[in-house]
Amino acid sequence: MKFDTPATANPTDRMKVLGQPLDRVDGKLKTTGTAHYAYERNDAAPNAAYGYILGSAIAKGRIESIDDADAKAAPGVLAVVTYQNAGKLGKAKNHTARMLAGPDVQHYDQAVAVVVAETFEQARAGAKLLRVNYARTAGRFDLAASQSSATKPKSGTPDTAVGDFAGAFAKAPVKLDERYTTPDQSHMMMEPHSTTAAWKDGKLTLWTSNQMINWAVGDMSETLLLPKESIHVMSPYVGGGFGSKLWVRSDAVMAALGSRAIGGRPVKLALARPQVMNNTTHRPATIQRLRIGAQKDGKITAIAHESWSGDLPGGGPETAPNATRLLYAGANRMTATRLAVLDLPEGNAMRAPGEAVGLLALEAAMDELAEKLKMDPVQLRIINDTQVDPEKPSRQFSRRDLVGCLKTGAERFGWNKRNPVPGQVRDGRWLVGMGMASAFRDNVTMKSGARVGIDKKGVVTVATDMTDIGTGSYTIIAQTAAEMMGVPMDKVIVLLGDSSFPASSGSGGQWGGNSSTAGVYAACMALRERVAQKLGFNSTDVVFEDGKVKSGNRSVSLSEAAGDAGISAEDSIEFGDLTKTYAQATFGAHFVEVGVDSATGEIRVRRMSGAFAAGRILNPKSARSQVIGAMTMGVGAALMEDAIVDTRFGYFVNHDLAEYHVPAHADIPMQDVFFMDELDEKSSPMKAKGIGELGLCGVGAAIANAVYNACGVRIREYPLTLDKVIGKMA
């Protein structure tokens, strides 16, 4: 099915099942421990051996020799695989770093060897017996030191320019020119990267933790030089990813190599938490410069956003200026992205790449501009709203209710009670302040397919390789099928995360929910047509409801329509060029109250609230869960998350959950979430958009703005740790 014209009335509009706050259909399995994750597939892979990866002890250089004699002789060890005996390997195009080092080393903790043994403990002990000699060479590990050598990225759209920014900025009566920095960050999902691998008759089966099944097949095909048809990937349950599992990592590749080395016997391999930090990917640090010129009435006349980040040779930038290109009006504009070469572990996508860090700077800058103008920050954003793409004014937004989010959010939060003068509100020893920020995230869609069938009992089964990374995919896909086929939820079975199923959008970029359900919609429409034709019904007026197919005065049960053999159909949704005609994005507004300890500078978030416009909300309960999780991640970005680089040796020092701090329950207050009533017919047949990343975008800046309102200290270097605050408090 091609989606190239706006959606009209369709069966999803009935909202009998869709749009309802239903419990997760996989909830019982996960809370009882009966949902089997990648490392737990004892049922499918009995008698598994265990693999343990030895990572590089240097960040850049060469392996001069590997002595594996002691490791091979260790108790229980079955094989040791290095670049010397792994066979010819390719490099997946999606990877900046190779999954196996040798002889060159690209970054610290890059996999050098995998030891396979009868038990995990034996594999780990064997890895410690490997003797690797390196020739270390100088590396580049400091973004600030490498900023001057950064260059324009070769792909994407690194620079944009509209009007005369320099001239307009020079003439603006009110100007802001500030620098903001964000640190390297780690995904820190609960489930580490893990894989169980097995070979049979030259074919590879992987049970792995991965967000994008079809991409995983491609990655493994390119790396192992195997045809895609010889690779079977399964990932029915994923314990979080946040972008780190968009592509296969060394756990999958090394488990596959380890299994092949012992004749195909299954091998289990999970990365230890320090390896997750240094062996896989992270969100790159940024240096950002914001310049905004405005009239005295607050109208922006000039805006520029420049950003610097770093990655391994051949990598890509953190696209921090993306939101600035679309969020506010202004006739004269400029954005620029520059990329430095750094020899740190690979930088790549982390929840809301670009917007998450870009809004940390932009929305803090807007707050500073509001103060210069002596204007309410909400009002400043409202008067600079736009219903067209500021860089391409002929392109209207499909739906844009930022103003509604700002007004609704402010009212629900009680923004009118805010004292705009910093440091004036006290609660005992706590200085109390309020802050806010806009939320913005592009609406991305991806081709997605599914197969839907009905059996002789009238049960509807959906099969698609879509993944559920904790987002509720099982539930919203079941709701879509139930709505489309006119059956209750208990008559729907959803099968996910298997490369033998039709290829879906996968989970990432907040495209998964909207795109995958649209793919199920397409397959259901094809199935409805097949059923109508089989029964001799007019497909234009056929109705599917209450487990029956109805047309005029005729009614047939789905079970009867399916017959003993059952009936099925397969289709996919392909998105046309509507994004060229309409800018598509999601919007929101964050409001936060914080307390700053007047004696220590400690920051505590006291209240959080947000209003969001993201098309049809397919399941308000799971959508709220996604947003409060994103808001929580925003607290981490604002106050604590910082992957600290040892610039002497090129690795992340605080590489575990003891020292890389993320919010705990005690850090997070009750979170108020409100969804605006919105349908976006130009987004998909579902009239929905993504929501999972929007809730992160802007919340960190709202916290920084609240801290300033509380104590008068403006910190432009995230995170806002108490040492930075207390040093500037009066």
Side-chain angles (χ1 to χ4, degrees), residues 150 152-162 165 180-182 185 242-243 246 283-292 300 303-311 315-330 333-339 347-366 381 384-386 388-393 395 397-398 400 402 437-446 508-511 579-580 582-588 590 614 630 634 637 689-701 718:
K152 184 187 296 188
K154 295 180 180 179
S155 60
T157 309
D159 295 357
T160 61
V162 176
F165 166 76
Y180 304 83
T181 64
T182 63
Q185 296 173 357
F242 306 122
L246 285 171
R283 192 198 297 280
T286 68
I287 298 169
Q288 301 178 54
R289 183 187 184 191
L290 263 295
R291 285 176 286 170
I292 308 176
I300 293 173
I303 185 167
H305 191 166
E306 299 165 272
S307 177
W308 293 261
S309 61
D311 199 5
E318 183 73 9
T319 53
N322 278 5
T324 304
R325 296 174 178 177
L326 291 163
L327 190 48
Y328 299 119
R333 322 173 62 82
M334 182 269 281
T335 69
T337 303
R338 294 294 179 265
L339 178 64
N348 214 314
M350 180 172 162
R351 196 176 196 172
E355 287 95 334
V357 293
L359 288 176
L360 286 171
L362 173 63
E363 288 302 288
M366 288 293 286
R381 288 162 172 83
N384 286 291
D385 185 47
T386 173
V388 299
D389 179 344
E391 293 189 352
K392 301 174 183 176
R395 193 171 73 135
F397 279 95
S398 58
R400 178 184 169 114
L402 174 60
S438 296
F440 172 92
R441 175 72 168 137
D442 258 352
N443 180 54
V444 181
T445 51
M446 299 274 282
Q510 80 170 21
W511 63 62
T579 55
K580 294 181 179 179
Y582 300 97
Q584 297 185 18
T586 57
F587 299 90
H590 291 286
K689 296 178 183 175
I691 195 71
E693 299 183 344
L694 177 65
L696 170 60
C697 300
V699 67
Y718 292 94

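Just so it is clear, the values below take in all heavy atoms, side chains as well, and ignore hydrogens, waters and symmetry mates. Positions are given from 1, in the same order as the sequence printed here.
- Annotation for Y328 and R333: closest pair O-NH1, 3.0 Å, computed over non-hydrogen atoms.
- Scanning for side chain to side chain contact (heavy atoms under 4.5 Å, CB included) contacts around A585 gives F397, F440, D442, F587, with sequence neighbours left out.
- Annotation: side chain of R400 is in contact with side chain of D385 (closest heavy-atom distance under 4.5 Å).
- Taken to the nearest 0.5 Å, the CD1 atom of I287 stands 7.5 Å off from the OG1 atom of T181.
- For the residue pair Y180 / T286, no side-chain donor-acceptor distance below 3.5 Å is found, with atom types taken as modelled.
- Using a distance-only test at 3.5 Å, with no hydrogens or angles considered, a donor-acceptor pair links the side chain of D311 to the main chain of G347.
- Closest of all the heavy-atom pairs between A614 and I691 is CB-CD1, 3.5 Å.
- Remark: I303 CD1 to F165 CZ distance equals 8.5 Å, nearest 0.5 Å.
- Side-chain contact check for T335 and T160: at least one donor-acceptor pair (N or O, by modelled atom type) lies under 3.5 Å.
- Between R441 and G509, the closest heavy-atom pair is NH2-CA, 3.7 Å.
- In this structure, A336 and D159 approach most closely via the heavy-atom pair CA-OD1, 3.3 Å.
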### Message
Using the rule given for salt bridge (charged side-chain N to carboxylate O under 4.0 Å, His left out), can you reason through D389 versus R325, listing the C-alpha separation, both sets of side-chain angles and the distance that settles it, and then say yes or no?
### Response
CA-CA 8 Å; D389 179 344; R325 296 174 178 177; over 6 Å; no
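- The minimum heavy-atom distance between T324 and H305, with the atom names listed, is OG1-ND1, 2.6 Å.
- Q584 is not listed as a side-chain neighbour of K689, based on a closest heavy-atom distance of 4.5 Å or more.
- A salt bridge between E318 and R283 is present, with a side-chain N of the basic residue lying under 4.0 Å from a carboxylate O of the acidic one.
- Rounded to the nearest 0.5 angstrom, I292 CD1 and L362 CG are separated by 6.0 Å.
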### Task
Applying side chain to side chain contact (heavy atoms under 4.5 Å, CB included), run through S438 and L359 and close with a yes or a no.
CA-CA 8 Å; S438 296; L359 288 176; over 6 Å; no
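- Counting heavy atoms from C-beta on, the side chains of T319 and P353 never come closer than 4.5 Å.
- Among all heavy-atom pairs drawn from L290 and A361, the shortest one is CD2-CB, 3.8 Å.
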### Message
Please determine whether side chain to side chain contact (heavy atoms under 4.5 Å, CB included) holds for the pair E355 and L694, giving the CA-CA distance in whole Å, both sets of side-chain angles, and the decisive distance to 0.1 Å.
### Response
CA-CA 9 Å; E355 287 95 334; L694 177 65; over 6 Å; no
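- A630 meets the side chain to side chain contact (heavy atoms under 4.5 Å, CB included) test with R351, L696; sequence neighbours excluded.
- T586 and Q510 form a side-chain donor-acceptor contact under 3.5 Å, judged by distance and modelled atom types alone.
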### Task
Quick one: do L402 and T386 satisfy side chain to side chain contact (heavy atoms under 4.5 Å, CB included)? Show the steps, please.
CA-CA 9 Å; L402 174 60; T386 173; over 6 Å; no
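- Side chain of R381 to main chain of E363: a donor-acceptor pair is present (N/O by atom type, distance under 3.5 Å, no hydrogens or angles).
- A distance-only check finds a donor-acceptor pair linking the side chain of H590 to the backbone of G695 [under 3.5 Å].
- Annotation: the span from L360 atom CG to Q288 atom CD amounts to 7.5 Å, rounded to 0.5 Å.
- The structure places CZ of F242 at 12.0 Å from CD of Q185, a figure rounded to the nearest 0.5 Å.
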